[in-house]
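Just so you know, these numbers use all the heavy atoms, side chains as well, and skip hydrogens, waters and symmetry mates. By convention here, the first residue in the shown sequence is residue 1. This one's a predicted model, so the numbers in the text were calculated from it and none came from an experiment.
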Amino acid sequence: MPAQFKIRTQLRQGEIDLMCLYANEDIEQIYTTQFPHLKFKRWHPYITNVLQSDISKSIAVQAVLDYFNLSSEEALAFGDGDNDIDMLEQVGFGVAMGNASEALKNSADYITKKSIEGGIYHALQELQII
């Protein structure tokens, strides 16, 4: 692996919970080819989450909805990166932060202010949730 590209892992009791590949899309393609059993979800121009193929934010959202006996239409989600697209598509109403990628904004039902401008609070007020 080239020295300028690193994989960072977060460890808990010896298990890997999250891996991030710091690389551009060309380098990511090398890893995608080498590790076809993994899923690569880009959320930044130079950072990609590396996941087992059966893990996604939409699966996590569905687990929470099932636990609380809610339908997808009753849920709202916020996101700012391409790795949030499946999550926004899973819920009834998806909100993209103002600093989100264009792909995520195209998947969203509503675009709010940037994260650093209080985008979540702004959206909750605009949508009359609070």
Side-chain angles (χ1 to χ4, degrees):
M1 174 172 33
Q4 68 268 31
F5 302 105
K6 301 175 183 175
I7 294 180
R8 183 179 73 181
T9 61
Q10 181 180 13
L11 299 176
R12 183 184 72 227
Q13 299 177 352
E15 295 182 17
I16 297 174
D17 293 324
L18 173 68
M19 293 177 57
C20 292
L21 174 64
Y22 293 78
N24 64 25
E25 291 181 16
D26 294 335
I27 299 298
E28 177 187 337
Q29 186 57 48
I30 294 169
Y31 284 89
T32 302
T33 303
Q34 186 70 28
F35 302 100
H37 61 286
L38 297 175
K39 187 185 299 183
F40 294 81
K41 293 288 236 171
R42 182 162 298 279
W43 59 273
H44 182 276
Y46 295 102
I47 306 172
T48 299
N49 286 346
V50 182
L51 307 164
Q52 294 179 17
S53 59
D54 61 346
I55 296 175
S56 71
K57 290 186 178 186
S58 61
I59 291 171
V61 166
Q62 190 59 53
V64 171
L65 293 173
D66 291 346
Y67 180 83
F68 288 105
N69 197 29
L70 297 170
S71 70
S72 294
E73 292 76 30
E74 296 175 276
L76 169 93
F78 292 84
D80 64 356
D82 287 356
N83 63 331
D84 297 322
I85 292 172
D86 68 315
M87 177 178 62
L88 266 58
E89 291 174 346
Q90 178 69 25
V91 299
F93 197 83
V95 180
M97 306 307 293
N99 54 294
S101 67
E102 287 305 311
L104 183 73
K105 287 178 180 178
N106 291 333
S107 296
D109 299 297
Y110 180 81
I111 301 170
T112 187
K113 293 181 178 183
K114 294 179 180 181
S115 299
I116 62 171
E117 297 172 345
I120 291 176
Y121 181 74
H122 175 78
L124 293 173
Q125 283 187 316
E126 288 292 310
L127 298 169
Q128 299 179 352
I129 295 172
I130 59 171

**Q** Would you mind listing every salt bridge (charged side-chain N to carboxylate O under 4.0 Å, His left out) that reaches into residues 75-87, with sequence neighbours excluded?
**A** Lys57-Asp84
**Q** Would Phe93 end up clustered with Phe78 when hydrophobic side chains under 4.5 Å apart are linked, directly or stepwise?
**A** yes
**Q** Quick one, Asn49 with Cys20, criterion side-chain contact (heavy atoms from CB on, under 4.5 Å). Give me CA distance, side-chain angles, the key distance, then yes/no.
**A** CA-CA 5 Å; Asn49 286 346; Cys20 292; 3.6 Å; yes
**Q** Give me the atom names and distance for the closest heavy-atom approach of Glu28 to Leu21.
**A** CA-CD2, 4.0 Å
**Q** When you group the ILVMFWY residues by side-chain heavy-atom contacts below 4.5 Å and let the links chain together, are Tyr110 and Val91 in the same group?
**A** no
**Q** Between His44 and Tyr46, what is the ring plane arrangement, given parallel below 30°, perpendicular above 60°, and tilted in between?
**A** tilted
**Q** Let me see the working for Arg42 and Ile47 under side-chain contact (heavy atoms from CB on, under 4.5 Å), right down to the final yes or no.
**A** CA-CA 6 Å; Arg42 182 162 298 279; Ile47 306 172; 5.7 Å; no
**Q** Where is the tightest heavy-atom contact between Ala100 and Leu104, given as atom of each residue plus distance?
**A** CB-CD2, 3.7 Å
**Q** Taking side chain to side chain donor-acceptor pair (under 3.5 Å) as the definition, give me every residue that meets it alongside Asn99, ordered by chain and number, with sequence neighbours left out.
**A** Ser115
**Q** Could you pull out all residues at least two apart from Ser71 that satisfy side chain to side chain donor-acceptor pair (under 3.5 Å)?
**A** Glu73, Glu74
**Q** Side chains of Gln62 and Ser58: is there a donor and an acceptor less than 3.5 Å apart?
**A** no
**Q** Return the CD1 to CD distance between Ile30 and Glu25, rounded to the nearest 0.5 Å.
**A** 13.0 Å
**Q** Check the hydrophobic clustering (I, L, V, M, F, W, Y; side-chain heavy atoms under 4.5 Å; chains of links allowed) and say if Met87 and Leu51 are grouped together.
**A** no
**Q** For Gly92 versus Asp109, what's the shortest heavy-atom pair and its separation?
**A** O-OD2, 3.7 Å
**Q** Tell me, yes or no, whether the heavy-atom count around Asn69 atom CG, taken from other residues, nucleotides or ligands under 6.0 Å, exceeds 12.
**A** no
**Q** What residues, two or more places apart in sequence or in another chain, satisfy side-chain contact (heavy atoms from CB on, under 4.5 Å) together with Tyr67?
**A** none
**Q** Could you measure the distance from the CG atom of Leu76 to the CG atom of Leu88? Nearest 0.5 Å is fine.
**A** 8.5 Å
**Q** Can I get a per-line list of side-chain donor-acceptor pairs under 3.5 Å for residues 121-130, giving both atom names and the distance, sequence neighbours left out?
**A**
residue	atom	partner	partner atom	Å
Tyr121	OH	Gln125	NE2	3.0

**Q** Check for a donor-acceptor pair, side chain of Thr112 on one end and backbone N or O of Ile120 on the other, with a separation under 3.5 Å.
**A** no
**Q** Using salt bridge (Lys or Arg N to Asp or Glu O under 4.0 Å) as the criterion, list what pairs up with Lys41, not counting sequence neighbours.
**A** none
**Q** Same cluster or not: Ile59 versus Ile85, using hydrophobic residues (I, L, V, M, F, W, Y) connected whenever any side-chain heavy atoms lie under 4.5 Å apart?
**A** no
**Q** Nearest 0.5 Å, please: how far is CE in Met19 from CZ in Phe40?
**A** 7.5 Å
